[in-house]
Q: 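Below is a structure I'd like to ask you about.
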There are 2 protein chains.
Amino acid sequence: MKRSYGQYCALAKALDVVGSRWTLLVVRELLAGPRRFGDLMNGLPGIGTNLLSERLRELQDAGVIEKRVLPPPAGSTVYELTDRGRELGNAALQLTRWGYESLGLPTKDEEFRVNWFIAIGQAAYQRQAAGDLSLTCEMRTSETDVSHFRIEDGKFQIVQGPARDPDLALAGAPRDFIDLFTGRLPPKKAIANGIALNGDLDTLQTVLEIFGLLELSETA
Amino acid sequence: MKRSYGQYCALAKALDVVGSRWTLLVVRELLAGPRRFGDLMNGLPGIGTNLLSERLRELQDAGVIEKRVLPPPAGSTVYELTDRGRELGNAALQLTRWGYESLGLPTKDEEFRVNWFIAIGQAAYQRQAAGDLSLTCEMRTSETDVSHFRIEDGKFQIVQGPARDPDLALAGAPRDFIDLFTGRLPPKKAIANGIALNGDLDTLQTVLEIFGLLELSETA
DNA sequence: CGGAATCCTCTTCGATACTG
DNA sequence: CAGTATCGAAGAGGATTCCG
C-alpha cells in the first residue's frame, strides 16, 4: 500500500516515513504541542480531511505520533508527537533554516500563522546572543491565531495557544510582525502603527535580538 | 505549473523545493560530487528517466544545482550542487540521522550503494572521537560501486568514485560491510570471511571508531 | 461538531519505448 | 549516453455525506 524507495539508506528510510506531501508539515504543527483534528486542519490550509486522516494514520503506524483522548471534562481526541517524533525537531529546524534563506516577503495569497512566524525566528535564533536568558513571548494576529515561545536553558520551544504569564505579548497583523522583526519599522513606530504591546520596550528589544534581524530579500 | 503549499512558512518553502518525491535523494547523490545523468540513474534505482530529468530541471530552476559541460577530453555533461544546494547538507544529515534509528538490517530486495552506507556512518559519526584526525577511506562492493570519504578539520566529506591515495581501502559484499561496522563480525574474522583490506588493522580500527559502532536493530 | 469515509477530477508517478 | 514522449496506475484536492 505505502510506497517505499526500497533502498538501504537512512535518508531514504526517513523519507519513506516523512517524505510524502504534507507529512512534515503535520509534524511541524505538532512540534508546538498536541492538537485536535480540527486544529490541524486550521494549521494546514488546503489539506483536505481525507488526506489529513490518512497522514495521521501513517504517522501513527510509523510511531511518530500518538492519538490520545484528553481526560474529562475536555474529552477531546488529540494527536501528539512521540519521543521519536520529537526527534524530528532538528531535521525540521535545519530545513526551516534553509527555507528561510529564500523566504522573501509574503505575497497576497499566502497563508500566515503565528507559529510559522515564530519558527522563522527559531531558525534565525542565535544561541550565543541569548546567554542564560529565560523568556516567554506571545504573539497573535487574531482570536484564533495565537502562539507563544519559551526560551529556557538555551532551548527554544514553540507552543500553540496563549501563554499563561508572558514577559511580552504582541498583537497585530501579519505584515506588522514582519515589518517589526525585519527592522523595516522601528519598535516605536510599529507600536504606533498597529502592533499592540503588553510588556516593556526593553523586553521587546531583547526579543528582536533573539530573533536576530530577519533578513528577507524582496527578490525571493 | 509547480505546486506550492502557499504558506508564508520557511519549512513549507523548503518543501516547495525539495519536498517532492526523489528530490532530496537527487541532492544526496550530488552531495558526493558532480554526476552525469547516467550516474544519477544508477544511484537512484527505480526513478525513471522522465522523472529524473524533471527533477533536475526543477532543481536548476530553484538554484540548487547547475548543469555543466566538462572541459575536453571528457566533454560530458554533469550536474552539481550550487553553494545554495550544498547548504542542504545539514538538513539531509539530520534526516539521515533520524532515519538511521529505524534503519535495521537490509532486506533481500533492498538496493545498496557504498555512498549510502558511508552516509549512515556520517550520521553516526562522533566529532569528538576524531580529534584533529585526517583520513581517507575507500569502500567498494563492485567495479561500479565505489566511493570514499575524507575527514579533515572535523568535516566528513563523501566522494563518489575511488580515492587517489587512501589510508584504507575496503572491498566486499554489502553484508560484509554491515557485519563489520556493526561489530557482528570482529575485524580479523571479517577479513578472513570476505572483506579485502588495503591498509593496516590499526587504521581499520580507527575507521570503525569514527563511525561509532553502528547499532541496527533486527526489529526495525 | 469533530472525525473520517466516499466520490470525482486532476496531477503526479513509474515503466517502457523512442529520438538526437 | 542523455534525455523526450507516451500511457496506465497511483496519489492529491475538493466537495459532500456519513457516523458519534
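Just so we're on the same page: letters track the sequence lines, and every chain starts at 1. Any value given below was found using the heavy atoms of this structure, including those in side chains, with hydrogens, waters and symmetry copies removed.
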Q: Students often mix this up, so state it plainly: with edges at 30° and 60°, are the rings of W22(A) and Y5(B) parallel, tilted or perpendicular?
A: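 Geometry flag for Y5(B) against W22(A): perpendicular rings.
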Q: Starting at CG of D16(B) and ending at P of dT12(C), how long is that distance when rounded to a whole Å?
A: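 Distance, rounded to whole Å: 13 Å.
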Q: Salt-bridged, E58(A) to R55(A), with N to O below 4.0 Å?
A: yes
Q: Mind checking G38(B) for me? I need base, sugar-phosphate or nothing, with any heavy atom below 4.0 Å counting as a touch.
A: sugar-phosphate
Q: Looking at E110(A) and K13(B), is there a salt bridge between them, counting it only when a charged N and a carboxylate O are closer than 4.0 Å?
A: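 Between E110(A) and K13(B) there is a salt bridge, with a charged N closer than 4.0 Å to a carboxylate O.
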Q: How many whole angstroms separate atom NZ of K67(A) from atom P of dG2(C)?
A: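 Distance check: K67(A) NZ to dG2(C) P gives 15 Å.
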Q: Assuming nearest nucleotide by heavy-atom distance, tell me which of R36(B) and N50(B) is located more 5' along DNA chain D.
A: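 Going by which nucleotide is closer to the 5' end, it is R36(B).
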Q: In this structure, how many angstroms lie between the P atom of dG11(D) and the CH2 atom of W22(B), rounded?
A: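 Spelled out: CH2 on W22(B) to P on dG11(D) is 14 Å.
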Q: Output yes when at least one side-chain N/O atom of R21(A) is less than 4.0 Å from OP1 or OP2 of dA10(D), else no.
A: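 No, outside the criterion.
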Q: Using only heavy-atom distances, decide whether a donor-acceptor pair under 3.5 angstrom links the side-chain of S20(B) to the base of dT12(C).
A: no
Q: Answer yes when R57(B) and D61(B) have at least one side-chain N-carboxylate O distance shorter than 4.0 Å, and no when they do not.
A: no
Q: Could you tell me how far apart Q60(A) (CD) and dA4(C) (P) are, to the nearest whole angstrom?
A: 8 Å
Q: Can we call the ring centroids of F211(B) and F149(B) under 6.0 Å apart?
A: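 Ring centroids of F211(B) and F149(B) are less than 6.0 Å from each other.
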Q: In whole angstrom, give the distance that lies between atom CD1 of I47(B) and atom P of dT12(C).
A: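 Rounded to whole Å, this separation is 16 Å.
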Q: Rounded to whole Å, how long is the line connecting atom CG of L44(B) with atom P of dA15(C)?
A: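 Nearest whole value for this atom pair: 13 Å.
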Q: Counting only side-chain N and O atoms of Y79(A), is one of them less than 4.0 Å from OP1 or OP2 of dA4(C)?
A: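 Affirmative; the distance criterion is met.
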Q: Where the side chain of S53(B) is defined as all heavy atoms beyond and including C-beta, which of dA2(D), dT4(D), dG3(C) is the nearest nucleotide?
A: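 The answer is dT4(D).
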Q: Is there a side-chain contact between R57(B) and the phosphate of dT4(D), meaning an N or O under 4.0 Å from OP1 or OP2?
A: yes
Q: Let me know the distance between CZ of R3(B) and C1' of dG14(D), rounded to the nearest Å.
A: 12 Å
Q: To the nearest angstrom, how far is L51(A) atom CG from dA4(C) atom C1'?
A: 13 Å
